[in-house]
K.L.:
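My questions will all concern the structure given below.
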There are 2 protein chains.
Amino acid sequence: MSNSGKSVVSQLRRLISDGELAPGKRLGEVAVAEQLGVSRTPVRLAFRTLEQEGLLQRAGKRGFQVREFSDTDVRCAVEVRGVLEGLAARRLAEQGLSSELLGQLELWIQKGRDLLAKGYLDEDDVVDWSELNLGFHDAIVASAGSEVIGDAIARNNHLPFAAADSIILDTGALEREYRKLQLAQMHHELVLQALRDGEGARAEMLMREHALVGLRYAEVLEGRSR
Amino acid sequence: MSNSGKSVVSQLRRLISDGELAPGKRLGEVAVAEQLGVSRTPVRLAFRTLEQEGLLQRAGKRGFQVREFSDTDVRCAVEVRGVLEGLAARRLAEQGLSSELLGQLELWIQKGRDLLAKGYLDEDDVVDWSELNLGFHDAIVASAGSEVIGDAIARNNHLPFAAADSIILDTGALEREYRKLQLAQMHHELVLQALRDGEGARAEMLMREHALVGLRYAEVLEGRSR
DNA sequence: AGCCTTAACTTTGGATCCAAAATACAAGCA
DNA sequence: TGCTTGTATTTTGGATCCAAAGTTAAGGCT
């Protein structure tokens with residue numbers, strides 16, 4: 001029962017997003033405390049944090065329960081990320097990007113090219129893409145001029161299905177995922193082009209569309225007509 | 001020192017937005033606990049909540065400090081609300097509004113017309129406008145189909161200068177505020193028109209512009225050319 | 001038999017205590 | 001005099017205790 005290393009918050013986050021704590025399940029402080037082998041105090045603190053993050057919600061007068069999300073919630077969370085990252089990109093395009101940011105973005109994009117160059121995807125590539133994708137997005141958001149936008153995105157990203165690196169889920173259909181990443185890579189390159197040319201509206205629009213990759217693209221990339 | 005009625009979180013929120021706790025000031029748990037006349041426990045819980053809300057930030061390895069906001073932060077927070085409410089409005093326009101929502105919105109708009117009809121503003125009108133403005137915005141956000149968007153807006157609104165009803169600050173220049181509200185009222189009416197006609201892009205654009213009222217409109221409404 | 005009242009139990013909120021970590025301070029050494 | 005190391009103090013994190021509020025269940029009354 002030794003787990004003082006990882007914080008209670010992250011443990012609970014993982015339990016929730018792994019579904020081990022079922023959506024709608026009511027959480028008692030004592031029960032969770034015992035399960036995690038800690039006292040009630042850190043659990044109480046964690047519940048407040050998780051509530052603000054949106055993973056827990058108050059259950060009536062007393063206690064919390066695991067929040068359940070509908071398909072619409074998932075869709076909206078992705079769109080929220082889209083408009084927020086779009087906002088960041090537009091601001092960046094309008095204020096102009098520094099040469100070092102330009103260098104960073106080109107680096108991530110080059111990594112993406114390298115990763116996709118061999119024409120297919122294997123499982124190790126997934127974590128690499130996740131890293132470079134995160135790097136690209138973070139670089140843009142961090143340079144948007146205000147922490148406020150980044151904070152809003154970070155809070156939204158606490159919903160496990162909303163984060164930018166949650167694109168890939170299906171490691172069993174790597175051909176489809178490859179085409180998905182090809183598209184995402186193209187988006188990255190176009191976004192950089194728009195940013196460099198000061199095309200704020202286009203950069204915003206591209207980021208918003210980019211967020212939707214992995215959401216409704218499955219049918220198109222499968223060749224289905226729906 | 002009796003204050004068990006209001007929660008520690010709201011007390012701290014008020015102290016921060018009133019500036020009694022200066023931005024950048026480091027908050028110790030014991031100091032705040034004594035000042036509020038409670039024990040450390042509720043303060044510790046409150047700090048976690050306020051941190052998530054963005055009003056506090058961790059100060060180094062230990063403790064929290066009151067977050068300070070730049071002009072850019074204010075600008076960005078307002079834009080964040082703009083894009084999020086814009087997203088809500090677009091979704092609403094695309095899915096179509098129910099007749100009861102239509103009724104609600106028309107009610108708030110009618111109240112706005114009534115309030116502005118006499119051609120000037122007095123101090124009592126300010127709270128009335130705040131109420132109807134809040135009602136109009138909340139009705140749209142609540143009907144956008146998912147709690148997720150509303151939550152993101154709510155979290156953003158914890159920044160005191162970002163909330164939709166923080167438009168009016170200057171009760172000393174009521175003529176200027178009157179023209180500001182005239183414009184806001186026009187926005188409300190146009191938004192409803194766009195929503196009713198299913199013009200998603202226009203509804204979104206209007207909401208985004210609407211959020212900027214009270215931000216940079218001062219110069220224009222004053223007649224200054226800047 | 002059904003409903004209301006009351007009592008027992010469960011669960012959370014607040015306070016206090018203890019330990020660990022971090023910072024500040026002081027003394028010793030180069 | 002300046003830097004480093006060791007100690008003391010402050011401050012936070014975790015655990016436990018107590019009280020209050022809520023929930024459940026049982027028993028009595030109509």
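The basis for the numbers below is simple: all heavy atoms, side chains too, and nothing from hydrogens, waters or symmetry mates. Owing to the predicted nature of the structure, the values given are computational and were not obtained by experimental measurement. Order of the sequence lines sets the chain letters (A, B, ...), proteins ahead of strands, with each chain counted from 1.
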K.L.:
Give a yes/no answer on whether the side chain of B:Ser39 brings an N or O atom under 4.0 Å of OP1 or OP2 in C:dA15.
P.N.:
yes
K.L.:
Fit a plane to each ring of A:His188 and A:Trp129, take the angle between them on a 0 to 90° scale, and name the class: parallel (under 30°), tilted (30 to 60°) or perpendicular (over 60°).
P.N.:
parallel
K.L.:
Does anything in residues 37-50 of chain A pair up under side-chain hydrogen bond (donor to acceptor under 3.5 Å, both in side chains), and if so which pairs, sequence neighbours excluded?
P.N.:
A:Glu29-A:Arg40
K.L.:
Between atom CG in B:Leu36 and atom P in C:dG14, what is the gap in whole Å?
P.N.:
12 Å
K.L.:
Return the residues of residues 46-58 of chain B meeting this criterion: a heavy atom under 4.0 Å from some atom of DNA chain C. Order them by number, or give none.
P.N.:
none
K.L.:
Find which nucleotide of DNA chain D each of B:Thr41 and B:Val30 is nearest to by heavy atoms, and output the residue with the more 5' nucleotide.
P.N.:
B:Val30
K.L.:
Report the distance from atom CZ of A:Arg196 to atom CG of A:Leu92, rounding to the nearest 0.5 Å.
P.N.:
12.5 Å
K.L.:
Tell me the closest heavy-atom pair linking B:Ala89 and B:Met207, and the distance in Å.
P.N.:
CB-CG, 3.6 Å
K.L.:
Would you mind listing every salt bridge (charged side-chain N to carboxylate O under 4.0 Å, His left out) that reaches into residues 91-100 of chain A, with sequence neighbours excluded?
P.N.:
A:Arg90-A:Glu94, A:Arg91-B:Glu79
K.L.:
Between C:dT12 atom P and A:Leu45 atom CG, what is the distance in whole Å?
P.N.:
14 Å
K.L.:
Is there a donor-acceptor contact under 3.5 Å from the side chain of B:Asp73 to the main chain of B:Ser70?
P.N.:
yes
K.L.:
Hey, is B:Arg58 close enough to B:Glu51 for a salt bridge, meaning N to O under 4.0 Å?
P.N.:
yes
K.L.:
How would nucleotides 18-23 of chain C be written as a contact map, 5' to 3', with B for base contact, S for sugar-phosphate-only contact and - for no contact, using protein heavy atoms under 4.0 Å?
P.N.:
---BBS
K.L.:
Over 60° means perpendicular and under 30° means parallel, so tell me whether B:His210 and B:His187 are parallel, tilted or perpendicular.
P.N.:
perpendicular
K.L.:
Show me the protein contacts with nucleotides 5-7 of chain C, counting only N or O atoms at under 3.5 Å.
P.N.:
none

K.L.:
Suppose we call a contact any N or O donor and acceptor under 3.5 Å apart; does that hold for the side chain of A:Arg44 and the base of C:dG14?
P.N.:
yes
K.L.:
Does anything in residues 55-84 of chain A pair up under ring pair (Phe, Tyr, Trp, His ring centres under 6.0 Å), and if so which pairs, sequence neighbours excluded?
P.N.:
A:Phe47-A:Phe64, A:Phe69-A:Phe161
K.L.:
Return the value, rounded to whole Å, for the distance between atom CG of B:Leu27 and atom C1' of D:dT10.
P.N.:
16 Å
K.L.:
Run the salt-bridge test on B:Asp18 and B:Arg13 with the 4.0 Å N-O cut-off and return the result as yes or no.
P.N.:
no
K.L.:
Between B:Glu29 (CD) and D:dT12 (C1'), how many Å, whole number?
P.N.:
6 Å
K.L.:
Regarding A:Arg208 and B:Glu204, does a basic nitrogen lie under 4.0 Å from an acidic carboxylate oxygen?
P.N.:
yes
